[in-house]
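Got a structure for you, written out below as structure tokens; questions coming shortly.
In listed order, ligands and their atoms are each counted from 1. Here, residue 1 is the first one in the sequence, and each next residue gets the next number. All of these numbers come straight from a predicted model, not from anything done at the bench.
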Amino acid sequence: MAKSRYVYSFDEPVDGGRELLGGKGVGLAEMTALGVPVPAGFTVTTDACRAYMTNGREVPDGLDGEIDEHLAALEEKTGKRFGDLESPLLVSVRSGAAVSMPGMMDTILNLGLNDEGARGLARSTANERFALDSYRRLIQMYGEVVDGIGADRFEQALGDLKSARGVSQDTDLLAEDLRGLIDTYKRVYAEETGRPFAQDAREQLARAVRAVFDSWQTPRAQVYRRANDIPDDLGTAVNVVQMVFGNKGESSGTGVCFTRDPATGEPGLYGEFLANAQGEDVVAGIRTPEPLERMQARMPRAYAQLLETMQRLETHYRDMQDIEFTVEDEELFLLQTRGAKRTVAAALRAAVGMVEEGLISREEAVARIDPAQLDQLLHPMLDPAAEFSVAAQGLNASPGAARGAIVFDADTAEARGKAGESVILVRWETTPDDIHGLIQAAGILTAHGGMTSHAAVVARGMGKPCVAGCDALSIDYDARTARIGEHELREGDTITIDG
Ligand SMILES: Nc1ncnc2c1ncn2[C@@H]1O[C@H](COP(=O)(O)OP(=O)(O)OP(=O)(O)O)[C@@H](O)[C@H]1O
Ligand SMILES: [Mg+2]
């Protein structure tokens, strides 16, 4: 019997498409073939994940060997060694199912670093802050994803450090602060798991791959699948991708962009960018990002290349794309492209626009509209004749108006929503773990995050009103009160939002 194959490099041709490689893997392979700048890497197939699940969470025979071979090829391609102590190859390990499930499964960045390697990376890049920033992120993501440590343990330590230093942004922390933070994180890791943080790069990789397989089964992923009619037995692929670094300083950064406006479908530039940051900072809504256009002044060459690449990808896929990118020292890399989740108004507008531009036919345009989504157009809206005063403004992240009682956490939103009450989930930002609350809420209001934050993306997908990045909103979760501009509000008070 022919040995089954579970691993494919981004640059080798494969049959099987997104069912086998997952949407992210297929996109990375296709972009590589198009000559778009994508870091090198390989995909472990959904077959491997299904074998793992049916095998009582044991990886199938031969998988570890195949991963080793592909890692050796990656070392060859990049000229760096995984686990090297001076100038190590670092990788991300990323989930990627056949059907898009935004942010529902797990990803770990900067894999392959350890104490000695972080010192080496600081020396070889002459950038200690960058090396330590990468290492603290690894310990946190690995601790959360592989060992199930609560994010709050790390967030608390980071928050405490920022208050002690009197700074508001992660980027204001200096190398010496980060050194202390890493010690704290390693202590948290050891307390929670009873063992020290793994120093062996291969052990990190092996456990990360298994953890990403396991992330298919997290409660939030299951809830999302049920809400979106996605079968439970598909499994996820795992992408191992050479790291490129947006956190090297002010000429580096990371962002998300759409080839058209995902709320209206209007052509034109649409996206968000954060300088000196790594990917998840934008999606998680930790810092409110800048509009994409600001990149032009900071890094004109990468910006021009990004615009050209967006155009190419839209023409290639003949559909509106949602793109993740990173700039490392002014060099552009694409990390993901997928069909953009959009409101139905945007779907209509974009389809008409693409017919006018000769990109698709009229028949294709009609087929692009999901009939079930059309009811979004009939969304409740505020009575245009009504008189009201606006308490505060944020970003119109997902259209429609909603009125309901304020709730401050997903569990309460779920309980009261299921009981038939109209509730508005009000949070600093939402995370994928809030999915059960988002499903039951009539609308979502967040203080942080932009149009590509988790709350915004999920709300648009569900056709639910969402206002994000409302700066005038502050929340006291313990007292269960919020302040919006002048107004003091308590849980249960009624508010109206218009997305
Ligand atoms: N090798 C890499 N180099 C630099 N950034 C990376 C790399 N791999 C992933 N990222 C970034 O890390 C973030 C998280 O990655 P990933 O796309 O795997 O998950 P996600 O965006 O949270 O969820 P989704 O599964 O919906 O894409 C993204 O912003 C991505 O661009
Ligand atoms: Mg992504």
| task | Report yes or no: does Glu69 contribute a side-chain atom to a donor-acceptor pair with the main-chain N or O of Glu66 at less than 3.5 Å? | result |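 No.
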
| Between the candidates Pro432, Gly41, Gly279, which shows the shortest non-hydrogen contact distance to atom 11 (C) of ligand 1? |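 Among Pro432, Gly41, Gly279, the closest heavy atom to atom 11 (C) of ligand 1 comes from Gly279.
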
| If you draw the axis of the six-membered ring of Phe197, does the NZ or CZ of Lys186 fall within 45° of it and under 6.0 Å from the ring centre? |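 That pair does not qualify as a cation-pi contact.
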
| Quick one: which of Met243, Arg94, Gln278 has a heavy atom closest to atom 9 (C) of ligand 1? |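 Nearest heavy atom to atom 9 (C) of ligand 1 lies in Arg94.
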
| query | Going by the order shown, which atoms of ligand 1 are within less than 4.0 Å of some heavy atom of Ser92? | reply |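 In order of number, 1 (N), 2 (C), 7 (C), 8 (N), 9 (C).
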
| Under the side-chain hydrogen bond (donor to acceptor under 3.5 Å, both in side chains) test, which residues partner Gln156, sequence neighbours left out? |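 Counting only residues at least two positions away or on another chain, Gln156 forms a side-chain hydrogen bond (donor to acceptor under 3.5 Å, both in side chains) with Asp160.
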
| query | Do the rings of Phe213 and Tyr52 sit parallel, tilted or perpendicular, given the 30° and 60° boundaries? | reply |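 Phe213 and Tyr52: tilted rings.
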
| message | Between ligand 1 and Lys24, can you find any atom pair, the residue atom being a heavy atom, that is separated by under 4.0 Å? | response |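 Flag set, Lys24 near ligand 1.
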
| request: Could you name the option among Gly255, Ser100, Gly103 that has the heavy atom nearest to atom 26 (O) of ligand 1? | output: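 Nearest option to atom 26 (O) of ligand 1, by heavy atoms: Gly103.
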
| request: Determine, using heavy atoms of Arg338 and all atoms of ligand 1, whether some pair is separated by less than 4.0 Å. | output: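 Arg338 counts as a contact of ligand 1 under the 4.0 Å cut-off.
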
| said: If we set the cut-off at 4.0 Å for heavy atoms, which region of Leu109 has an atom near ligand 1: side chain, backbone, both, or neither? | reply: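 It is the side chain that gets close, since no backbone atom is under 4.0 Å.
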
| field | Non-hydrogen side-chain atoms of Ser92 and Leu335 separated by less than 4.5 Å | value |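 Side chain of Ser92 against side chain of Leu335, heavy atoms only: no contact under 4.5 Å found.
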
| field | Contact check, Gln242 vs ligand 1, heavy-atom distance below 4.0 Å | value |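 Within the 4.0 Å threshold, so yes.
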
| query | Just distances here: any N/O of Val244 and N/O of ligand 1 closer than 3.5 Å? | reply |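 For ligand 1, there is an N or O atom that lies under 3.5 Å from one belonging to Val244.
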
Between side-chain atoms of residues 303-313 and protein atoms elsewhere (two or more places apart, or another chain), which donor-acceptor pairs fall under 3.5 Å?
residue, atom, partner, partner atom, Å
Thr309, OG1, Gln305, O, 2.6
Arg312, NH2, Leu34, O, 2.4

| How about Tyr8 and Phe42: are their ring centroids closer than 6.0 Å? |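 No, they do not, as the ring centres are separated by 6.0 Å or more.
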
| said: Side chain or backbone, does Gln336 bring an N or O within less than 3.5 Å of an N or O on ligand 1? | reply: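 Min N/O separation from ligand 1 is below 3.5 Å for Gln336.
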
| In chain order, what residues pass the ring pair (Phe, Tyr, Trp, His ring centres under 6.0 Å) check against Phe408, with sequence neighbours excluded? |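 Phe408 satisfies ring pair (Phe, Tyr, Trp, His ring centres under 6.0 Å) with no residue once adjacent residues are dropped.
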
| message | Tell me which one of Asp319, Thr264, Asp261, Asp322 satisfies side chain to side chain donor-acceptor pair (under 3.5 Å) with Arg342. | response |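 Single side chain to side chain donor-acceptor pair (under 3.5 Å) partner of Arg342 among Asp319, Thr264, Asp261, Asp322: Asp319.
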
| Around the Mg ion (ligand 2), what protein N, O or S atoms are found below 2.8 Å? |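 Within the sphere that stays under 2.8 Å of the Mg ion (ligand 2), the protein atoms of type N, O or S are Glu324 OE2, Gln336 OE1.
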
| message | Heavy-atom pairs closer than 4.0 Å: do any link ligand 1 to the side chain of Leu335, the backbone, both, or neither? | response |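 Just the side chain.
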
| Donor-acceptor pair between Tyr142 and Asn110 side chains, under 3.5 angstrom |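 No.
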
| task | Give the contacting part of Glu324 toward ligand 1: side chain, backbone, both or neither, where contact means a heavy-atom distance below 4.0 Å. | result |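 For Glu324, the contact with ligand 1 is made by the side chain alone.
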
| said: Quick one about Thr43 and Asn239 (side-chain donor to acceptor, distance below 3.5 Å, no hydrogens or angles considered), yes or no? | reply: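 Judged by distance alone, the side chains do pair up.
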
| With a distance cut-off below 6.0 Å to the six-membered ring centre and an angular limit of 45° from the axis, does Arg50 pair with Trp216 as a cation-pi contact? |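 So Arg50 doesn't make the cation-pi contact.
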
| message | For a side-chain hydrogen bond (donor to acceptor under 3.5 Å, both in side chains) check, start with the C-alpha distance between Gln278 and Asp133, then their side-chain angles and the critical distance, and finish with the verdict. | response | CA-CA 10 Å; Gln278 273 197 327; Asp133 185 58; over 6 Å; no

| Under 4.0 Å to a heavy atom of Val241 - the qualifying atoms of ligand 1, by number |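 Within the 4.0 Å cut-off of Val241, ligand 1 contributes 1 (N).
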
| field | Ligand-side contact atoms (ligand 1) for residue partner Pro102, heavy atom cut-off under 4.0 Å | value |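 Answer, ordered by atom number: 26 (O).
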
| message | As an exercise, identify every atom of ligand 1 less than 4.0 angstrom from a heavy atom of Thr107. | response |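 Atoms satisfying the 4.0 Å criterion: 14 (C), 15 (O), 16 (P), 18 (O), 19 (O).
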
